[in-house]
Amino acid sequence: MGFLTGKTVIITGGGKAVLEDGRAGSIGYGIAIAYAKEGANIVITGRNKKKLDDAKAELESLYGIKVLPLQADISAGADNAAIAADVVKQTMEAFGRIDVLINNAQASASGVTLEQHTVEQFDLALYSGLYATFHYMQACYPYLKETKGCVINFASGAGLFGNYGQCAYAAAKEGIRGLSRVAATEWGRDGINVNVICPLAWTAQLENFKKNYPDAFEKNVHMPPMGHYADPEKDIGRACVQLANPDFKYLTGETLTLEGGMGLRP
């Protein structure tokens, strides 16, 4: 049994995705596998019901944990506070506690230059990423305070380095970094650990991007110095597991960069 047995994690954007070689093909699913191996009960959200149901079936059969799949979409024009509150309500009804919130979900129209970006495309990135992070953090706060839990948010090198064709995505991710720093300041006294990871993982989406848009891939995606991309489960998922360990409380408030298996760099 793992050290997270009996604890509950919410992972946004946790539907099943696999690479051509069969490994976890999305960051959210890789994180879910890592937490399942440590015995945690898992709540996964997303827009695609089949991917959520597939994740539930595989995780429960392989690791003997409980998975609650919830279709949820934070988007422009929706009652987003109510959507996040309902996810939290169902989580508490199913498991009675929340120990970890991982805000991983993000949609965007990458490859569109700033002058060509539409308001709708900008809203897509901000609502699915920044607003979703805000609403889930607010909804989970009372329960994280009870468990002295942790929040793990996801930003990106797109914001840190200004990637071409990713203006809305970068804006959303930089907003998440700022929001996380404020939360670390305000919630530290409640015993809540707040961190940000800026990953570069090899995912099914990136695999397809390289296959379908090789020129854009070459412009935007650069090989990390170690010569390989991070694995969604073994690198990023395990980093998220470690950040849920009480022994890692000293990292509160830091931004962590994960590059191709290099580990964490405060």
Considering all heavy atoms of both residues, which atom of Gly13 and which atom of Asn104 are nearest to each other, and what is their separation? O-ND2, 3.0 Å

Between the main-chain N or O of Lys7 and the side-chain N or O of Asp99, is there a donor-acceptor pair closer than 3.5 Å? no

Can I get a per-line list of side-chain donor-acceptor pairs under 3.5 Å for residues 131-138, giving both atom names and the distance, sequence neighbours left out?
unit_1	atom_1	unit_2	atom_2	d
Thr133	OG1	Gly129	O	2.8

To check you understand the geometry: which heavy-atom pair defines the closest contact between Cys240 and Ile152, and what is its length? O-CD1, 3.5 Å

Examine distances only and state if a side-chain atom of Gln166 and a backbone atom of Asn163 form a donor-acceptor pair shorter than 3.5 Å. no

Partners meeting side-chain hydrogen bond (donor to acceptor under 3.5 Å, both in side chains) with Asp190 (sequence neighbours left out): Tyr141

Just how far is it from atom CG of Leu160 to atom CD of Glu174, taken to the nearest 0.5 Å? 5.5 Å

Partners meeting side-chain contact (heavy atoms from CB on, under 4.5 Å) with Lys234 (sequence neighbours left out): Asp231

Heavy-atom check, side chain of Arg97 versus side chain of Tyr143, under 4.5 Å: no

Pair Lys37 + Glu233: basic N to acidic O under 4.0 Å: yes

Would you say that Phe3 contacts Val241 through its side chain, given a criterion of any heavy-atom pair below 4.5 Å between the two side chains? yes

Sorted by chain and number, sequence neighbours left out, side-chain hydrogen bond (donor to acceptor under 3.5 Å, both in side chains) with Gln116 holds for Thr113

Does atom CZ (Arg47) have a neighbourhood of more than 12 heavy atoms from anything else shown, all under 6.0 Å? no

Per the salt bridge (charged side-chain N to carboxylate O under 4.0 Å, His left out) rule, what does the pair list look like for residues 192-208, sequence neighbours excluded? none

Let me have the donor-acceptor pairs involving side chains of residues 48-57, under 3.5 Å, with sequence neighbours excluded, atom names and distances please.
unit_1	atom_1	unit_2	atom_2	d
Asn48	OD1	Lys50	N	3.1
Asn48	OD1	Lys51	N	3.0
Lys49	NZ	Asp53	OD2	2.7
Lys50	NZ	Asp54	OD2	2.7
Lys56	NZ	Glu60	OE1	3.3
Lys56	NZ	Glu60	OE2	2.8
Lys56	NZ	Val67	O	3.0

